[in-house]
Number of protein chains: 2
Amino acid sequence: MANSASGDSVVDRIVRLLSAFPEDVTALPLSELAQRSGLPLTTTHRLVRQLAGHGLLDATPGGLVRPGLRLWELVNRTAPALALRQAAMPFMEDIQQVLNQNVNLAVLDGWEALFVERLSRRGSVSNRARVAGRMPVHTSSAGLALMAHQDKLLQSQYLDQFADAEGKAATDAVRVLLSETFHQGFAQLKGVVDPDTWGIAVPVLNSRQRAVASLGVVVPLREMRLQALVPALQTAARGIARRLESP
Amino acid sequence: MANSASGDSVVDRIVRLLSAFPEDVTALPLSELAQRSGLPLTTTHRLVRQLAGHGLLDATPGGLVRPGLRLWELVNRTAPALALRQAAMPFMEDIQQVLNQNVNLAVLDGWEALFVERLSRRGSVSNRARVAGRMPVHTSSAGLALMAHQDKLLQSQYLDQFADAEGKAATDAVRVLLSETFHQGFAQLKGVVDPDTWGIAVPVLNSRQRAVASLGVVVPLREMRLQALVPALQTAARGIARRLESP
DNA sequence: TGGAAGCCTCCCATTCAACGGAAGCGGTGC
DNA sequence: GCACCGCTTCCGTTGAATGGGAGGCTTCCA
């Protein structure tokens, strides 16, 4: 780091600070933030003050710290996820109105599906896919739909690391799932995420037939309209893809 | 700054880098980023590499730089705007379905309305309120609805600085607008933003009757259903407020 | 085909901003 | 009244950040 102690740069510290906010908490006392980020209190204090000066963090009079509006603004006006979201929203709304269920939009990041948007219907089944939440590829229909339509190279890298972590038997099961997903053109996971729900996702393909996103719904197990669900999702996915190519 | 030249800290530099991305561009060459941010090329290169290492930026093989998914994720899982957005979305969707027009949600930041969410209908009138976009208080119905329901102190600070910038006559006009907005319980701007549209916004009030957000629609000038629009918006705003108080 | 121009990348001596322990300050509870 | 806890300020030390310069790669002309 800059001077003396622990060994990371200012950038590292800032990232640690930003990452230290837990998923659902909006404001933390300075001291807790220091603890969570593993930074000395003084350093935390100084950085927070600087960041707050730019509006990236917000320091309330009571000593609480929370992410700032300016940070949200900076990110949400230029983030790559935004273009995707803008293209997808009208279609997601359509799907939601027709099927009256949770709809979600995800992209692949590393070996996980990162959920970019989610529309939930009051009264619909609970949906674990939070906005900005992550789920492993092999336990989410979104993840499967995304991974099934990637380069062979990327897929084998994924399967290799999966084998290292989970063993050969589990890996073979995932390989079968991916293959099915690819040939069917959609992914379904019955009761894996949540015993009472059924996740279905289709890929949003670019011109080279690679998945740049996935569009999915989470419905109750008893819902049996697969014939209607899948074509509706696929049509919407094509619409999103078209909008992405010619904005 | 850290060493030698220009006079700002590492935090300043990082903020400059993040702010340097123009509104609608997703990826920039390194050299252009350096130019826009006013940082030496070398410094830009080093910072970008560090930030990219954390996923806050994304450096493509071609030398282009764009905001990273990780940054989006960090911000969008903890930002204060998120709770508001989550609370408001179902109501915004209802409004949109019933009125079939653009719906937007804004908060007050400084002397501007910052748009947090926007649902636009295909085929509806154009809506200048971009997500993460800003509009001055006095030229947006959202801004008026927000400012009209703030502390007297904040209002007079606003009017003071407005008078300095725009003169007394203009300030009096804004004062009247704010007063009308307050007493009517909603703001309307006919053809100010765009000659062919009509902006209407209502405040989302907390328990102390202060506006924490505004909910608005943008409709064509010919739309005359004010009697229907305003109550619908006000009902939705109350619903949002209730959700915010007891999550 | 040669070479000029533009861009990203790496190197490295200089130096001042970042660091963090210690002390100060204000509030709260026993 | 005293002990405790958290936020804030102070300040001497020091090594990380800096950025000019040089190298390597590609592209675009002449």
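Proteins come first, then strands; the chains are lettered A, B, ... in the order of their sequence lines, and each starts at number 1.
The CG-P distance, from L33(A) to dG6(D), rounds to 14 Å in whole Å. Put simply, CZ on R16(B) is 14 Å from C1' on dT18(D), counting in whole angstrom units. For the pair L17(B) CG and dT18(D) P, the computed distance is 11 Å after rounding to whole Å. The CG-P distance, from L30(B) to dC25(D), rounds to 18 Å in whole Å. H45(A) has its NE2 atom 5 Å from the C1' atom of dT8(D), to the nearest Å. In this structure, L39(A) places its CG atom 14 Å from P of dC7(D), rounding to the nearest Å. One can place CD of Q35(A) at 11 Å from P of dC7(D), the figure rounded to the nearest angstrom.
Here dG21(C) is the nucleotide among dG21(D), dG21(C), dT18(D) with the atom lying nearest to any side-chain atom of T42(A). In this structure, the nucleotide among dC10(C), dA18(C), dG19(D) sitting nearest to the side chain of P40(B) is dG19(D). You'll find that the side chain of R13(B) is closest to dG19(D), out of dG19(D), dT9(C), dC19(C). Proximity note for R49(A) (side chain, C-beta onward) versus dT9(D), dG19(D), dG20(C): the nearest is dT9(D). Considering only the side chain of R46(B), dG19(D) comes nearest among dC8(C), dT8(D), dG19(D). Nearest nucleotide to the side chain of L47(A), out of dC19(C), dC8(C), dC7(D): dC19(C).
Counting non-hydrogen atoms under 4.0 angstrom, S31(B) reaches the backbone sugars and phosphates but no base.
By the 4.5 Å heavy-atom criterion applied to side chains, V174(A) and E166(A) are not counted as neighbours. Side-chain contact check for S214(A) versus H149(A): every heavy-atom pair is 4.5 Å or farther apart. Residues V116(A) and W72(B) have side chains in contact (heavy-atom distance under 4.5 Å, counting atoms from C-beta outward).
In Q161(A), the CD atom is crowded: over 12 heavy atoms of neighbouring residues, nucleotides or ligands sit closer than 6.0 Å.
The nearest heavy atom of DNA chain D to T60(A) and to V11(A) marks one nucleotide each, and the one closer to the 5' end goes with T60(A). Projected onto DNA chain D by closest heavy-atom contact, Q50(B) and L41(A) fall at different nucleotides, the more 5' of which corresponds to L41(A).
The phosphate of dG20(C) has OP1 or OP2 within less than 4.0 Å of a side-chain N or O from T43(A).
Proximity of a side-chain donor or acceptor of Q155(B) to a complementary backbone N or O of A148(B) within less than 3.5 Å is detected.
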